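Throughout, protein chains are lettered first and strands after them, A, B, ... in sequence-line order, and every chain is numbered starting at 1. Since this is a predicted model, take the numbers as computed values, not measurements.
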Protein chains: 2
Amino acid sequence: MSSNSPFNEKQIQILQVAETLFAEKGFDGTSIRTIAKEAKINVAMVSYYFGSKERLLESLIHFRTKDLKFQIENLSAENLEPIEKINKLIEIYIHRINCNKGIYRILHFEFSNEKRDIDLQALNDLRTGNLKALITIIEEGQNKGVFRKDIIVPLITPTILGTFFHFHMNKAYFKNLLQLSTDELYNNYIKTNLTKHIQQTIKALLIYES
Amino acid sequence: MSSNSPFNEKQIQILQVAETLFAEKGFDGTSIRTIAKEAKINVAMVSYYFGSKERLLESLIHFRTKDLKFQIENLSAENLEPIEKINKLIEIYIHRINCNKGIYRILHFEFSNEKRDIDLQALNDLRTGNLKALITIIEEGQNKGVFRKDIIVPLITPTILGTFFHFHMNKAYFKNLLQLSTDELYNNYIKTNLTKHIQQTIKALLIYES
DNA sequence: AGTAAAATTAAACAACCGTTTAAATTAAAC
DNA sequence: GTTTAATTTAAACGGTTGTTTAATTTTACT
């Protein structure tokens, strides 16, 4: 059972534990000893395998973002109406983030400040690719006369992701406000109502003529 | 020069330094010694005045949110068209957060996880008040026949704030993408283009009939 | 089996953490 | 001016931090 991953099983085990803890308590709030205990390894193993705590974080980002080669780029080629492509893109976005809560939370938290100087090129490439795909879809819709022409495309993504993230970051508040007593109800609300809200919003923005 | 603030000058000085540092490096990433050095006081003063580091954070939240009694509640009473009220509300939101970046960043970061059990009642009251004002405005628009009737009002705020926050959290990325080489250009872009984008989005969502 | 490399361990390292102490200084009260 | 309280200080506390060391065990290869 060979693997072309640059990490062996033990390393992956450490990375997975680190992902959970970093997402839960933040990078500074998580100690190597806590990671070691949780992963049932010796403290020295982190330094042995990754060099340092910061490099562990770097490796984690690398490990979890390299698979994020998006379906989004293929989307523009599919045989769908532009607005259907947009809807599907929103679904993919939300599903993707929902399945990778941990790493997205870490990225969101640890890199909004510019203090840490970790290589984010892979992430930037990802975003650039996504943006290009979005531009292609929107231009198609504009050429078909369905979408307005005065759209600032780079601000579409903040609205899609921002709405979702803000909902997620204030989970407790919205669970209470919308009376979603269980996590199942909460997740279900995201999959149906929140997704639909975002799709409606973007559709209205793209089509509505003032 | 008397003040009805429960904090004296020295305490306020400490709170201000703490706000900057917590916002910059996070709560766990900031040590009491760093705060003390920056504020030019002895380390023991934090314990002396606030009891503990956690209680310092609590005091900070209290200190900075108590003034956030919103103009928003008065907005619904003003003599404006519903859509103009919405636009103004968005402007107020963005301006308010822009002027209080530090504390909003701290709130966003330290309380998205539910680990810290600090009293957020004041904050919840604020949000509830804002939501009520928003509901009033939207119902007015609906009664006038301008807004659609099938709007999920609690999801409007996530779209407004989420779009703004997401833009802000990825400052470096968007500065590069939109070629906003200076902070002045960046802030100007928020005040004009981003605000307008959010206003357009919400307007389209409220008015567009599919 | 014997050897070299890799993996794992317990222990130690110095630096830093939040907090407390007890003494020194300043301010307020009488 | 003396007494009392409030403020400020340096030092120490025990504990934790990330990292390194050197010894030991496991694995791989001949």
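Taking the 5' to 3' direction, DNA chain C first and last meets chain A under 4.0 angstrom from a heavy atom at dA6(C) to dA12(C).
Under the rule for a side chain to side chain donor-acceptor pair (under 3.5 Å), the partners of R127(B) that lie at least two apart in sequence or sit in another chain are N170(A). Residues meeting the side chain to side chain donor-acceptor pair (under 3.5 Å) test with E78(A), sequence neighbours left out: K88(A). Under the ring-ring contact (aromatic ring centres under 6.0 Å, His included) criterion, Y173(B) pairs with no residue, sequence neighbours left out. Contacts of F63(A) classified as ring-ring contact (aromatic ring centres under 6.0 Å, His included), with partners at least two apart in sequence or in another chain: F7(A). Residues that satisfy the side chain to side chain donor-acceptor pair (under 3.5 Å) test with D125(A), not counting sequence neighbours, are Q121(A). Checked against ring-ring contact (aromatic ring centres under 6.0 Å, His included), F164(B) has the following partners two or more places apart in sequence or in another chain: H168(B). For K175(A), the side chain to side chain donor-acceptor pair (under 3.5 Å) partners are D183(A), not counting sequence neighbours. Partners of I135(A) under the side chain to side chain contact (heavy atoms under 4.5 Å, CB included) rule, at least two apart in sequence or in another chain, are L131(A), E139(A), V153(A). In this structure T128(A) satisfies the side chain to side chain contact (heavy atoms under 4.5 Å, CB included) test with no other residue, sequence neighbours excluded.
Evaluated for a salt bridge (Lys or Arg N to Asp or Glu O under 4.0 Å) with E19(B), the options R64(B), R105(B), K101(B), K25(B) yield exactly one hit, R64(B).
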Nucleotides 6-10 of chain D: which of its N/O atoms have a protein N/O under 3.5 Å away?
unit_1, atom_1, unit_2, atom_2, d
dT7(D), OP2, Y48(B), OH, 2.9
dT8(D), OP2, Y49(B), OH, 3.2
dT9(D), OP2, N42(B), N, 3.3
dA10(D), N7, N42(B), ND2, 3.3

Once pairs are restricted to Watson-Crick or G-U wobble with both distances under 3.5 Å, how does DNA chain C read as a dot-bracket string, [ ] for crossings and | for other-strand pairs? ||||||||||||||||||||||||||||||
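As rounded to whole Å, 14 Å separates atom C1' of dT16(D) from atom NZ of K25(A).
Base engagement by S47(A) is indicated by at least one non-hydrogen atom pair under 4.0 Å involving a base atom. Among the heavy atoms of the strands, none lies under 4.0 Å from T34(B).
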